[in-house]
Amino acid sequence: ALETGYQPQPLLSVLETTQGGYQPGSFVFGKWTDLNSRKKFLNEITTKVPDFHQQRRAMWSTFYLAYYEMENDVTFEINPEKVIVATAYWKDGNTEFNSFKKEWLKKAQGNGAKVLLELTDARSSMGYMYKPDYVVLTEWNDRAAYDAFHKENIKMGDKGVQNVNEFVIQ
């Protein structure tokens, strides 16, 4: 992977699942030089490591993967003194979801959230389908601020939302 442009990033632990039925133990960010480097790796890895996918399955009981092409470099820091939440949404209709997302962001920021990262247009490799339409990483000063928002978020309902997974990470 390193030979084709992969740049490892810190591994994050999932402390709690706050929404959804998926309960992973870790949340991982990775960085590739570009999308073509990622594709090249996927096309060549099984030639060099024939049991690559079997090794992955042996390491992780569940391995969902989504990757995003970024037009610009993005930098953010995970502050261990803050509450960090990763939220993934699958939309159910563009118009309704866009309204939901706008209200979600307004409520989150109104409760003190700092948006660290927003990702859209996910891609996944064959066998690793996990393509949320919108992933947002937020930072909260403390758990009370997040909990206050979470109560408001649940009251918003699910109009425009097909599925959600949300995790407190560290």
Side-chain angles (χ1 to χ4, degrees), residues 9-32 34-35 38-39 42 60-170:
Q9 304 297 304
L11 175 69
L12 302 167
S13 295
V14 174
L15 302 178
E16 177 185 359
T17 297
T18 56
Q19 289 191 73
Y22 179 48
Q23 299 182 29
S26 56
F27 195 92
V28 181
F29 286 100
K31 180 179 179 182
W32 291 84
D34 56 35
L35 187 57
R38 171 76 180 143
K39 288 179 181 178
L42 290 173
W60 295 288
S61 62
T62 304
F63 187 86
Y64 287 136
L65 175 69
Y67 51 97
Y68 302 85
E69 189 169 19
M70 309 292 286
E71 291 183 18
N72 301 306
D73 275 343
V74 174
T75 301
F76 62 90
E77 293 184 25
I78 302 294
N79 183 339
E81 303 298 318
K82 306 281 183 164
V83 175
I84 308 299
V85 178
T87 308
Y89 279 110
W90 287 257
K91 61 186 173 183
D92 187 15
N94 285 332
T95 303
E96 291 173 333
F97 181 76
N98 289 340
S99 295
F100 176 89
K101 182 173 97 171
K102 184 178 179 181
E103 183 181 355
W104 190 95
L105 285 167
K106 183 178 177 182
K107 287 182 183 295
Q109 291 169 332
N111 279 285
K114 176 181 175 185
V115 175
L116 299 177
L117 180 68
E118 291 180 277
L119 300 169
T120 59
D121 301 321
R123 297 179 182 143
S124 288
S125 305
M126 177 66 179
Y128 298 99
M129 286 303 201
Y130 185 82
K131 296 182 353 182
D133 294 295
Y134 178 63
V135 174
V136 59
L137 194 64
T138 51
E139 176 186 271
W140 304 82
N141 285 329
D142 53 40
R143 185 59 191 244
Y146 167 73
D147 287 343
F149 162 73
H150 184 70
K151 287 178 185 175
E152 289 184 36
N153 177 216
I154 297 302
K155 290 177 186 175
M156 287 173 58
D158 59 4
K159 191 171 185 176
V161 176
Q162 182 180 49
N163 189 36
V164 60
N165 285 327
E166 185 172 75
F167 317 109
V168 177
I169 60 176
Q170 182 177 1

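We're numbering straight along the sequence, starting at 1. These values consider heavy atoms only, across backbone and side chains, with no hydrogens, waters or symmetry-generated copies. Remember, predicted model here, so these are calculated numbers, not experimental data.
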Using side-chain heavy atoms (C-beta onward) and a distance below 4.5 Å, is F97 in contact with W90? no
Does the pair E69/R123 count as a salt bridge with the N-to-O cut at 4.0 Å? yes
For N111 and K107, work out which heavy atoms get closest and say how close. ND2-O, 2.9 Å
Is it the case that over 12 heavy atoms from other parts of the model lie below 6.0 angstrom from the CD atom of Q170? no
Taking it one step at a time, do K82 and N141 satisfy side-chain contact (heavy atoms from CB on, under 4.5 Å)? CA-CA 5 Å; K82 306 281 183 164; N141 285 329; 2.6 Å; yes
Min side-chain heavy-atom separation N165-T17 under 4.5 Å: no
Gap between atom CD of Q162 and atom CD of E96 - 0.5 Å precision: 12.5 Å
Does a sphere of radius 6.0 Å around CG in D121 hold more than 12 heavy atoms from other residues, nucleotides or ligands, not counting ones at 6.0 Å or beyond? no
Tell me if a side-chain donor or acceptor on N153 pairs with a main-chain N or O of F149 at a distance below 3.5 Å. no
Going from CD1 on I169 to CG on L15, what distance comes out if it is rounded to the nearest 0.5 angstrom? 8.5 Å
From CG (L137) to CG (L117), nearest 0.5 Å: 6.0 Å
Using 4.0 Å as the upper bound for N to carboxylate O, is an ion pair formed by R143 and E16? yes
Closest approach of V14 and P24, non-hydrogen atoms and distance? CB-O, 3.3 Å
Nearest heavy-atom contact between T120 and Y68 is O-CD2, 3.1 Å
For P132 and A88, the nearest pair of non-hydrogen atoms, with its separation, is CB-CB, 3.8 Å
Check R38, K131, K31 against Y67 for a side chain to side chain contact (heavy atoms under 4.5 Å, CB included) and give me the one that passes. R38
Any side-chain donor-acceptor pair under 3.5 Å between E166 and T18? yes
One should read off an interatomic distance between M70 CE and L119 CG, to the nearest 0.5 angstrom, of 5.5 Å
Show your reasoning for whether side-chain contact (heavy atoms from CB on, under 4.5 Å) applies to V164 and T87. CA-CA 7 Å; V164 60; T87 308; 4.0 Å; yes
Determine whether the aromatic ring centres of Y134 and F100 lie less than 6.0 Å apart. no
Atom pair CZ (F167) and CD (Q19), whose distance is rounded to the nearest 0.5 Å: 10.5 Å
Would you compute the distance between atom CZ of F29 and atom CD of Q9 and round it to the nearest 0.5 angstrom? 9.0 Å
Might you work through the side-chain contact (heavy atoms from CB on, under 4.5 Å) test for D158 and D92, ending with a clear yes or no? CA-CA 9 Å; D158 59 4; D92 187 15; over 6 Å; no
Kindly indicate, with the supporting measurements, whether the criterion side-chain contact (heavy atoms from CB on, under 4.5 Å) is fulfilled by E118 and L105. CA-CA 11 Å; E118 291 180 277; L105 285 167; 3.7 Å; yes
Report yes or no: is the cationic atom of K101 (NZ for Lys, CZ for Arg) under 6.0 Å from the centre of the six-membered ring of Y89, at an angle within 45° of the ring normal? no
